[in-house]
2 protein chains.
Amino acid sequence: MSTAEKVAQLMLAFECDNAAGSVERSVSELASIVGRERSQVCRMLKSLCQAQVLEQDPDSHRYRLGWRVRVLAAGAGDQVLVRAARPILQALVARTGEVALLTVQEANRGLTVMREESQNSLRRGGWIGQRSAMHFTATGRALMFDADDDLVKALTADQFGADSRSTPNAPRNVEELLQRLRIERRQGYAVASEEIEAGLTSVSVPVRNMHGHLLAVLNVSGPTTRMNDRVEAIAKLLIEASGAITHALGPRHAQDREGAHRARPSFDRAASPRHAVEQRHQQTPVPMP
Amino acid sequence: MSTAEKVAQLMLAFECDNAAGSVERSVSELASIVGRERSQVCRMLKSLCQAQVLEQDPDSHRYRLGWRVRVLAAGAGDQVLVRAARPILQALVARTGEVALLTVQEANRGLTVMREESQNSLRRGGWIGQRSAMHFTATGRALMFDADDDLVKALTADQFGADSRSTPNAPRNVEELLQRLRIERRQGYAVASEEIEAGLTSVSVPVRNMHGHLLAVLNVSGPTTRMNDRVEAIAKLLIEASGAITHALGPRHAQDREGAHRARPSFDRAASPRHAVEQRHQQTPVPMP
DNA sequence: TGGCAGGTTGCTCCCAGAGCAACAAGATTC
DNA sequence: GAATCTTGTTGCTCTGGGAGCAACCTGCCA
């Protein structure tokens, strides 16, 4: 492993792994996370402080990510998507009063990359950095709207049974999942109750570019009690919102890998890491409602 | 320079340096920015892609920051401050219809770390990652509200004349600046017209913790035509908002370095890099309005 | 077709990172 | 209060990985 990867690994050890956030880590803690010597980690941390990427609390000696990382992130990811999605997420929050999320695919998980909430919405329901399972979350299934059966199987192969947080509502096996996906594809949105936490319901729809390529998933989550009789209305809003993002992206955004148009920003989807699952989606441009 | 610093330097080369954003860079470009060999940079970039920190466009071969960086940033900086400030910035946007910013101090510059805008506000006026001069911007001067004259001189020593973007309204020398600061301290807020762009007016107030320690600056910017007769009203809103943040931070947030209270997150202010200017502020707890 | 720019890879040399041990300071335990 | 443990940090040595050069390949342009 190269030093650059080690540095990256060390920085990524600061990722929020829950909604609480507030990541401040000690040298020993980090050393055990990345599996390296304390001395090593200590020196590397000092270098990163030098570079203003990290900051160290003078009292507790613990480290955390500096402001510059926050600045960096403003330009991270697919900027066209980010800029198109932001106001639309805000509008969704304004109209529903619930939390709105944008999630991209990372290997065989969903990775939530954007969140907007209203001032009086509950501080619950998905956080930036949350990894979602593919089979028992609305977002995960919406990410698989364009996947053929084989790909669905590959993406969820190791997940059934593994993750115990699934509820009785969740599909028990691949067949149930495929059946559920067929229904949800037809209706154009996915729903899951008790997805992340008990009493939480979320509705998800895919976001596509103008070539029909699935880029991300748009999601609204709220307490089941508030959501129950609004699911369809919210789904309708979400589908409109998704279309609005597609429109805002413009025709020049990305294209299928096969397409030879020479547009500028044209990354696939999320990261495409060295993972067992090859993420080639079936290319079925779905007509925009 | 250690490899870790080089890696950091390379990542920081992706920082947005203007409002346009969209940072996608080629190997050669990056090599010239960090002043190193293309081959070197190329290998380092590949490692960072491996770690999913960067992504490479398969067509153009250019690199950009990945989604994981965006995720990282959600936990970067003073989390307590970030969480307290977010809803208050949103409220300011809602009430004024203009852009609201939060800026911390980084050496002898202001570094804007948070931005909220309304859907119909102009896409202008400060971006995340913007560096502000201390003397001819409202934000810069608000950052110096607690600084004594010597510190002000030190912070702005190399800036007069150097930055040609200053306008006729700007203080020409340290004396004028000090005079202006005295007035602005008394009224509790700083104003600057044509600060960032022509036709843009911005109003700034300091944000403090409950110990009176200056943490950041809150700012609202808009077109001069819309701002002109609202400056005082907006300043009043800003001062209230600043107080609300102070309140939201809670009594446990930080303390003066001298204070021996054992609270948890207690970093000084922004980054405190190896810079010529020692940033020790005069400790004059200013009563909260 | 030839030249050029830009991304990538091979190869060699030597510097910087790995590992160990030790030290200082604070926390914890007896 | 002494002993012990934990944790952050630094010295030192050795070797593996980063630096630098050159070459290769591809797409672009004249």
Side-chain angles (χ1 to χ4, degrees), chain A residues 1-11 13-14 23-51 53-66 255 257-268 272 274, chain B residues 1-11 13-14 23-51 53-66 257 259-268 272 274:
Chain A
M1 178 185 281
S2 71
T3 307
E5 283 176 83
K6 290 174 198 162
V7 172
Q9 189 191 14
L10 191 58
M11 290 184 57
F14 285 91
V23 272
E24 217 177 273
R25 313 211 107 111
S26 67
V27 176
S28 304
E29 206 175 331
L30 289 163
S32 82
I33 293 176
V34 301
R36 214 120 22 84
E37 284 236 334
R38 277 183 307 149
S39 64
Q40 200 94 255
V41 172
C42 180
R43 268 187 268 255
M44 201 171 277
L45 289 170
K46 290 223 164 297
S47 294
L48 290 175
C49 282
Q50 190 83 348
V53 169
L54 298 178
E55 297 171 1
Q56 183 179 26
D57 183 309
D59 294 334
S60 71
H61 288 202
R62 296 163 74 89
Y63 293 84
R64 71 170 177 201
L65 296 167
Q255 72 276 1
R257 189 69 329 106
E258 293 75 26
H261 320 271
R262 180 131 305 274
R264 265 310 264 342
S266 62
F267 292 32
D268 208 28
S272 45
R274 65 264 179 260
Chain B
M1 179 185 282
S2 73
T3 308
E5 283 175 84
K6 290 174 199 163
V7 173
Q9 190 191 12
L10 192 58
M11 292 184 54
F14 285 91
V23 271
E24 214 178 276
R25 314 209 106 112
S26 68
V27 176
S28 303
E29 206 176 329
L30 288 163
S32 82
I33 293 176
V34 302
R36 213 123 19 86
E37 284 238 335
R38 276 185 308 151
S39 65
Q40 200 93 254
V41 171
C42 180
R43 269 187 267 257
M44 201 171 275
L45 289 170
K46 292 222 162 296
S47 295
L48 290 175
C49 282
Q50 190 82 349
V53 170
L54 297 180
E55 296 171 3
Q56 183 180 27
D57 182 310
D59 294 332
S60 71
H61 289 201
R62 296 162 73 89
Y63 293 84
R64 71 168 177 205
L65 296 167
R257 186 71 329 108
H261 321 272
R262 181 133 304 273
R264 263 312 260 346
S266 61
F267 292 32
D268 207 28
S272 44
R274 65 265 181 262

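Naming: A, B, ... by sequence-line order, numbering from 1 per chain. Keep in mind it's a predicted model, so treat the numbers as computed, not measured.
Residues B:Val53 and A:Met11 form no side-chain contact, since every pair of their non-hydrogen atoms from C-beta on lies 4.5 Å or further apart. Counting heavy atoms from C-beta on, the side chains of A:Ile33 and A:Arg25 come closer than 4.5 Å.
Computed from coordinates, the B:Leu10 CG to D:dG18 C1' distance equals 14 Å when rounded to whole Å. Here C:dG19 presents its P atom at 8 Å from CZ of A:Arg36, a figure rounded to the nearest Å. Atom P of nucleotide C:dG17 and atom CG of A:Leu48 are separated by 11 Å, given to the nearest angstrom. One interatomic measurement links the two molecules: CZ of A:Arg62 to P of D:dT6, which rounds to 17 Å at whole-angstrom precision. For the pair B:Asp57 CG and C:dT8 P, the interatomic distance rounds to 11 Å; values are reported in whole Å. Atom-to-atom, CD1 of B:Ile33 to C1' of C:dG6 comes out at 15 Å; the value is rounded to the nearest Å. Rounded to whole Å, the distance from CE on A:Met44 to C1' on D:dG18 is 13 Å. At whole-Å resolution of the value, CD in B:Glu37 and C1' in C:dT12 are 14 Å apart.
Taking both residues in full, the closest heavy atoms of B:Leu48 and A:Ala8 are given as CD2-CB, 4.0 Å, listed atom of the first, atom of the second, then distance.
A:Arg43 meets the salt bridge (Lys or Arg N to Asp or Glu O under 4.0 Å) test with no other residue; sequence neighbours excluded. For the salt bridge (Lys or Arg N to Asp or Glu O under 4.0 Å) test, no residue two or more places apart in sequence or in another chain qualifies with B:Glu37.
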Check nucleotides 9-12 of chain D for protein N or O atoms closer than 3.5 Å to its own N or O atoms and list the pairs.
| from | atom 1 | to | atom 2 | distance (Å) |
| --- | --- | --- | --- | --- |
| D:dT9 | OP1 | A:Lys46 | NZ | 3.1 |
| D:dT9 | OP1 | A:Gln56 | NE2 | 3.0 |
| D:dT9 | OP2 | A:Tyr63 | OH | 3.0 |
| D:dG11 | O6 | A:Arg43 | NH2 | 2.9 |

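Dashed line: the shortest gap from a side-chain N or O of B:Thr3 to OP1 or OP2 of D:dG17 is not under 4.0 Å. Between B:Ser2 and the phosphate of C:dA16, there is no side-chain N or O to OP1/OP2 separation shorter than 4.0 Å. Proximity of B:Ser28 to the phosphate of C:dA5: no side-chain N or O atom is located under 4.0 Å from OP1 or OP2. Between A:Lys6 and D:dG17, a side-chain N or O to OP1/OP2 separation shorter than 4.0 Å is absent.
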Could you give me the CA-CA distance, side-chain angles and deciding distance for B:Thr3 and A:Thr3, then say whether side-chain hydrogen bond (donor to acceptor under 3.5 Å, both in side chains) is met?
-> CA-CA 7 Å; B:Thr3 308; A:Thr3 307; 4.8 Å; no

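Each of A:Gln9, A:Glu29, A:Met44 was scored for a side-chain contact (heavy atoms from CB on, under 4.5 Å) with A:Val34, with one residue passing: A:Gln9.
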